[in-house]
Every structure is written in structure tokens, then in C-alpha cells.
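Please read the structure below before turning to the comments.
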Amino acid sequence: MRILVVEDEKPLREAVTDVLSEENYLVDGVGTGDEGLYLAEQGIHDLLILDIMLPEVTGLEIVKRLRSKGNITPILLLTARDSVEDKVTGLNNGADDYLVKPFAVPELLARVKALLRRRGNVGQEGEIAYHDILINAKLKQAAIGEQPLDLTLKEFELLEFFVLNSEQILTREQIFDRIWGFESETTAGIVDLYVHYLRKKLAPFGKDALINTVRGAGFMLREK
């Protein structure tokens, strides 16, 4: 799963990024509010961790703008402020949780896991499912029922992204940015190729039709 960390204190940003990376999360870290808002608006992250006091655009403003556009990605606010009023303000603006600096690493990880479980059908060990498609995010393994799927890393990441966003349209741009990244030298045309590869892997199980092409929009994992 992919997490965005927006924190202007570089040592703290790097520390949080390292801790999450060690837990096998994919992590993007930026130091300004406008960068954070731009990345958050792409809809490719499963969790946003935002400092409240950010240069250019504050964490609260990011929350407001995302929620006003219908973005429901879980948001964890980080701040040095610990008054009840500040907490209420953050939560009332659409944040899902609130963590006061300084914080212990185990508490951060516990809150991250709790928010990711809330995002969808995510189990204690990072398992997610759509009907009988099972994904173990921690081990990067997938199965149909009890039958394992032999997937490349990119195919696994693509299926994981579909399952996390099942019955929602994912644009080619969202998929490309999520799986290959903004700085990739390849083009968005690779998305169609890998959707084709993934359908072929699902076909022996009769599950290839679950990946629907939405004309003019992108793709959707949905049972017809």
C-alpha cells in the first residue's frame, strides 16, 4: 500500500518515511503543502499523513480541499498542538485521526494500520479481498480462493490497487502514477499492456472479466 507523508521538518519526514518503508509500505515524502495537495489530489495513495503547520498550504486546508472534492482517503494529522480545540478542529474538517508530536513509533504504526483497515476490507496482517480474490500485501502474494496466482511484482501491485479500489473507476493516469511513478521514463500506454497481462493470469480461474474497461475513463474491478 502507498502512503503520502507531508512534513516540512526534513529529519522527521525522513524518519517517518524510513519507518514506514521498513514495514513494506510504499512511501512518498514531500515538505510543502502545495506539493502535498498536488500529490494527494492524484488519488493514488491509501493513506495521507499531514503536518498541520505546512508552508504555502496548511494541512487543514489540504483536508478541506480534498473532502470538498469527495476524496475519502484516510488522513492522519501530525502536529505539535495538543489542545482539545485543535484536535476537534482537525477532525471536524475531515481528518480521520490525530497524532501529537513527539510520538512513539509503535503508536504511529498502530494508527497507520488502523486507518488502513478502515479504508477497506484489510485484515490484521494486511490481507485484502474482493470476493474470492485474496491479496496478502505484506507478503506480496495473491490467490483465488486457495489457489495461488503467479504474478510479477507489477502485476501484483496492479491487482492490489484494483482490489483496494474495487467498484471504483481508476483512470490510466492514476494507475500509471501509482504503479510506475511520476518520474518513470515509460509512458501511460504500459497500463493497457499490464491490464492485458493481468487478465491472462486471471483467465484460468474465470476471473478475467472482473477487470472492466470503462470507455473514455479507465478500468474498474467489478463483478458484472
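The structure displayed is predicted, hence computed values, not measured ones.
- In this structure, Met220 shares a hydrophobic cluster with Ile169, Val214, the cluster being traced through Ile, Leu, Val, Met, Phe, Trp and Tyr side chains under 4.5 angstrom apart.
- Side-chain contact between Ile75 and Ile62 is absent, with no heavy-atom pair separated by less than 4.5 Å.
- To the nearest 0.5 Å, atoms CZ (Phe176) and OG1 (Thr171) are separated by 12.0 Å.
- Considering every non-hydrogen atom in both Val30 and Leu39, the closest pair reads CG1-CD1, 3.6 Å.
- To the nearest 0.5 angstrom, Leu4 atom CG is 10.5 Å from Gln42 atom CD.
- Pairing each heavy atom of Phe219 with each of Arg172, the nearest pair is CZ-NH2, 3.6 Å.
- Between Ile133 and Ile128, the closest side-chain pair of non-hydrogen atoms is not below 4.5 Å.
- Judged by distance alone, the side chain of Tyr130 and the main-chain N or O of Glu223 form a donor-acceptor pair under 3.5 Å.
- Contacts of Glu160 classified as salt bridge (Lys or Arg N to Asp or Glu O under 4.0 Å), with partners at least two apart in sequence or in another chain: none.
- In this structure, Lys154 and Ile179 have side chains that are in contact, with non-hydrogen atoms separated by less than 4.5 Å.
- Counting only residues at least two apart or on different chains, the side-chain hydrogen bond (donor to acceptor under 3.5 Å, both in side chains) pairs with a member in residues 16-41 are Arg2-Asp28, Asp28-His45, Thr32-Asp34, Thr32-Glu35, Glu41-Lys69.
- For CG of Leu193, the number of neighbouring non-hydrogen atoms (other residues, nucleotides, ligands) closer than 6.0 Å is greater than 12.
- Once rounded to the nearest 0.5 Å, the distance linking CG of Leu170 with CZ of Phe161 reads 5.0 Å.
- Val63 and Met53 end up in the same hydrophobic cluster when Ile, Leu, Val, Met, Phe, Trp and Tyr side chains are linked at under 4.5 Å.
- Taking 4.0 Å as the cut-off between side-chain N and carboxylate O, Lys201 and Asp150 do not count as a salt-bridged pair.
- The structure places CG of Leu158 at 11.0 Å from CG of Leu153, a figure rounded to the nearest 0.5 Å.
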Taking only distance into account, with no hydrogens and no angle test, what donor-acceptor pairs under 3.5 Å do side-chain atoms of residues 5-14 form with protein atoms, sequence neighbours excluded?
{"from": "Glu7", "atom 1": "OE1", "to": "Lys101", "atom 2": "NZ", "distance (Å)": "3.1"}
{"from": "Glu7", "atom 1": "OE2", "to": "Glu9", "atom 2": "N", "distance (Å)": "2.9"}
{"from": "Arg13", "atom 1": "NH1", "to": "Glu7", "atom 2": "O", "distance (Å)": "2.6"}

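- Formation of a donor-acceptor pair under 3.5 Å by the Asn136 side chain with backbone atoms of Leu139 is found in this model.
- Residues Leu26 and Val112 do not share a hydrophobic cluster, defined by chaining ILVMFWY side chains whose heavy atoms lie under 4.5 Å apart.
- Partners of Asp177 by salt bridge (Lys or Arg N to Asp or Glu O under 4.0 Å), not counting sequence neighbours: none found.
- The ring-ring contact (aromatic ring centres under 6.0 Å, His included) test applied to Tyr197 returns Tyr194, not counting sequence neighbours.
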task: Show your working on side-chain contact (heavy atoms from CB on, under 4.5 Å) between Leu78 and Phe103 and close with a plain yes or no.
output: CA-CA 9 Å; Leu78 301 181; Phe103 48 82; 3.9 Å; yes
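- Listed by chain and number, the residues in a side chain to side chain donor-acceptor pair (under 3.5 Å) with Glu56 amount to none (sequence neighbours excluded).
- Two residues are said to be in side-chain contact when any heavy atoms from C-beta on lie closer than 4.5 Å; Val163 and Leu221 meet this criterion.
- Asp97 meets the side chain to side chain donor-acceptor pair (under 3.5 Å) test with Arg111; sequence neighbours excluded.
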Margin query: Could you go through Leu20 and Leu109, starting from their C-alpha distance and side-chain angles, then the distance that decides it, and tell me whether this counts as side-chain contact (heavy atoms from CB on, under 4.5 Å)?
Written below: CA-CA 8 Å; Leu20 294 173; Leu109 293 176; 3.9 Å; yes
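- Arg65 pairs by the salt bridge (Lys or Arg N to Asp or Glu O under 4.0 Å) definition with Glu61, not counting sequence neighbours.
- For the pair Phe162 and Leu210, the minimum side-chain heavy-atom distance is 4.5 Å or more.
- Contacts of Arg222 classified as salt bridge (Lys or Arg N to Asp or Glu O under 4.0 Å), with partners at least two apart in sequence or in another chain: none.
- Taking CG of Leu77 as the reference point, atom CG of Leu99 lies at 10.0 Å (rounded to 0.5 Å).
- The side chain to side chain donor-acceptor pair (under 3.5 Å) check on Asp208 picks up nothing, with sequence neighbours excluded.
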Are Asp192 and Arg199 close enough, and set up right, to give a salt bridge (Lys or Arg N to Asp or Glu O under 4.0 Å), and what steps lead you there?
-> CA-CA 11 Å; Asp192 292 80; Arg199 282 174 171 154; over 6 Å; no
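- Contact annotation: the side chain of Leu159 approaches that of Leu149 to within less than 4.5 Å [non-hydrogen atoms, C-beta and beyond].
- Residues Ile49 and Val105 are members of one and the same hydrophobic cluster, defined by side-chain heavy-atom contacts under 4.5 angstrom among Ile, Leu, Val, Met, Phe, Trp and Tyr.
- Not a single side chain to side chain donor-acceptor pair (under 3.5 Å) links His196 to another residue, sequence neighbours left out.
- Residues Ile135 and Leu164 are not in side-chain contact: their nearest non-hydrogen atoms beyond the backbone lie 4.5 Å or more apart.
- The two residues Leu151 and Ala142 come nearest to each other via the heavy atoms CD1-CB, 3.8 Å.
- Annotation for Leu48 and Ala40: closest pair CD1-CB, 3.9 Å, computed over non-hydrogen atoms.
- We find the CD1-CG distance between Ile211 and Leu198 to be 4.0 Å, quoted to the nearest 0.5 Å.
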